[in-house]
Structure formats: structure tokens, C-alpha cells
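The structure appears below as C-alpha cells.
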Amino acid sequence: MERVAQSVRTIAIIQARMDSTRLPGKVLIDIQGRPMLEWVVTRTQQASAVDTVIVATTQHPSDDAVAEFCDEHGYHYYRGDTHDVLDRYYQAAKLFQGDVIVRVTGDCPVIDASVIDQTVAGFWGRVNWRNSTDQGQRFLPAYDFATNRLPPPWGRTFPIGLDTEVCSFTVLEQAWQEATLQHHREHVMPFFYDQPERFRIKLINHNVDYGSLRWTVDTPEDLRLLREIVGHFNGQENFTWLDVLKAVEQHPEWTQINATVSAKDYRAVDQRRTEG
């Protein structure tokens, strides 16, 4: 992917659908007076490294509500396959002409712009994203895929809920063309980290391990916690993940709210697909 730097277009694609298995309708559920998806889009838009934010939802009738929400707020969106999320990402990336693709999920209302920027910078092999777009230079990304979360044996040091994954359109297209396993199609990026010998992979780590903290919304318990967290900031939207960390450390009882919730295995798939 050799280009003149200023021509590179980086797009963030937020996957969101209403038919969640553990908490149906969660992407539009209220958190401090605003639908969760609005928190995710607004906070992703704050990332300096991102040119455009797109919501990728499905063609299922239940997601008419997501499309209507995007229309009302002027958000870019694409409607695609319900279960083949890799195809949904690829088609959205192609439609909106992304050169670099940032994957974010619609259940992460405290997603952090600085973490997105850090992960994009890691993709380019730079200290920060600004250094990766020096005008007039021709360059190649240092990695095929950069992320701040990977399954064992790699692990993670950022809290669950700050998950950011970055790849070029070129390798996304390669995955789209070649992936046949169901969990590769449904979860978009496992095609890369299941093949570390084939792809150049960069894991972005924090210098202190906070990987056990869970700030995503997948269950009613998660929702209770995130309402506590967001409520702590009294309607402000520019708080950082370090502000969240400080608040959680000041309220250790919060971490008990979803302490028994376990993360899904990245190879788990939606059985409704196989059941038709």
C-alpha cells in the first residue's frame, strides 16, 4: 500500500445491530439520556487519525431503527449481511473508499479517541499518528494489522471496551476473498490473528496491565456499570479512558457489578446463522 501520504483515507467502521443475543436492542439503549450508539459514534469522531466514521448495520428489519437513527443524526451508514460481518465491513469500506480501516464495535460507549489514534499510529510504526502523515513522503505501513487486544497467548493490557483494530483495505479484501471459517466471517479480524506466521501483527500494549477491567455492554450487568461510569461525568462527553480509570479506582464497588460476566470466546459464533 504505497501512496502519497496526504491521499490516505482512514475510516472507522462501527458494527451495530439490534438483535444482540445477550442484550437485545443494546446499541440504542439509553445511557445518560443518549443512545449508546451515539456515545460510540461521537467519541470515535474525536479521533484525529480518523477521516470518516461509518455505522455498519444489517438489512434485517430490526435494524431499520439503527438506519433511522443514523439518518436523524446525519451519520454515514451501510446496511449489509446480518451474520457475515466481514462482508459487511468490506462492502462498507469499499463504498466509502477507505484505505485504512479502523474497527470499533457499537457496544463500547467509552471508546477513547487517543487509544484509536495510538493504534493507528502503531499500524504505521510511528510514535503518534501525526508522524505517519508527513506531506510529500511515500511510505508503507509497518504492519498488516494492529490492535490493542488479541486472544491468548498474546493477551491484552487495555480494558475491554477500548477495543480498536486497524488494517489496510488491501488485507481486508484478502480476508474477504479467502476466509471460509464461520468465526472469521462473523468476527472480521480473526483471519489475521489466527495466522501470525502470514501477517505482520502489532499488539499495542499499555505500560500497566488493565486488561481485566470490563467496560463494554453485552449484558444487563455491563449496562448498569456503564451507566454508573458515564453518569459520573454528568453528561460530559470528552472524558478520557484515564478519567474512567480514576473514577473506577475511586469506586471499587463498581467493578463488582459485572465481575461475574465472562467475555465470549472469539471463535464463538451465532447459532442462529446455522439454524437458518
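What you see below is based on every heavy atom in this structure, not just the backbone, and it leaves out hydrogens, waters and symmetry mates.
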Apply side chain to side chain donor-acceptor pair (under 3.5 Å) to the pair R88 and Q15, showing each step before the final yes or no.
-> CA-CA 9 Å; R88 203 192 314 165; Q15 65 188 71; over 6 Å; no

Can Y143 and F123 be said to form a ring-ring contact (aromatic ring centres under 6.0 Å, His included), step by step?
-> CA-CA 5 Å; Y143 298 93; F123 170 77; 8.1 Å; no

Pair F169-Y90, ring-ring contact (aromatic ring centres under 6.0 Å, His included): steps then yes or no | CA-CA 8 Å; F169 178 81; Y90 172 73; 5.5 Å; yes

Audit row: F158, W241, ring-ring contact (aromatic ring centres under 6.0 Å, His included) steps and yes/no | CA-CA 10 Å; F158 282 91; W241 80 273; 5.5 Å; yes

Take F239 and F233 through the ring-ring contact (aromatic ring centres under 6.0 Å, His included) test and state the conclusion after the steps.
-> CA-CA 7 Å; F239 56 88; F233 297 101; 4.2 Å; yes

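In this structure the side chain of V85 never reaches within 4.5 angstrom of the side chain of H187, judged on heavy atoms. In this structure the side chain of R185 never reaches within 4.5 angstrom of the side chain of H83, judged on heavy atoms. Side-chain contact between T44 and I14: present, with at least one pair of heavy atoms (C-beta onward) separated by less than 4.5 Å. Residues H184 and W176 form no side-chain contact, since every pair of their non-hydrogen atoms from C-beta on lies 4.5 Å or further apart. Using a 4.5 Å heavy-atom cutoff, the side chains of V55 and V66 are in contact.
Note that CG of D243 and CD of Q236 are 8.5 Å apart. Values are rounded to the nearest 0.5 Å. In this structure, E221 CD and T260 OG1 are separated by 6.0 Å, a value rounded to the nearest 0.5 Å. Interatomic distance, T216 OG1 to L226 CG, rounded to the nearest 0.5 Å: 7.0 Å.
Across I116 and A47, no two heavy atoms sit closer than the pair CG2-CB, 3.8 Å. What you find for I160 and G211 is that their closest heavy atoms are CG1-O, 4.1 Å.
Atom CD of Q97 sits in a sparse spot, with 12 or fewer heavy atoms from other residues, nucleotides or ligands closer than 6.0 Å. Counted within 6.0 Å of NE2 on H232, heavy atoms from surrounding residues, nucleotides or ligands total more than 12; the atom is thus considered enclosed.
Below 30°, between 30° and 60°, or above 60°: for H73 and F69 the angle between ring planes is between 30° and 60°, a tilted geometry.
Counting only N and O atoms by type, the side chains of S114 and D112 include a donor and acceptor under 3.5 Å apart.
Applying side chain to side chain donor-acceptor pair (under 3.5 Å) to E237 and the options R34, Q32, R43 leaves one that passes, R34.
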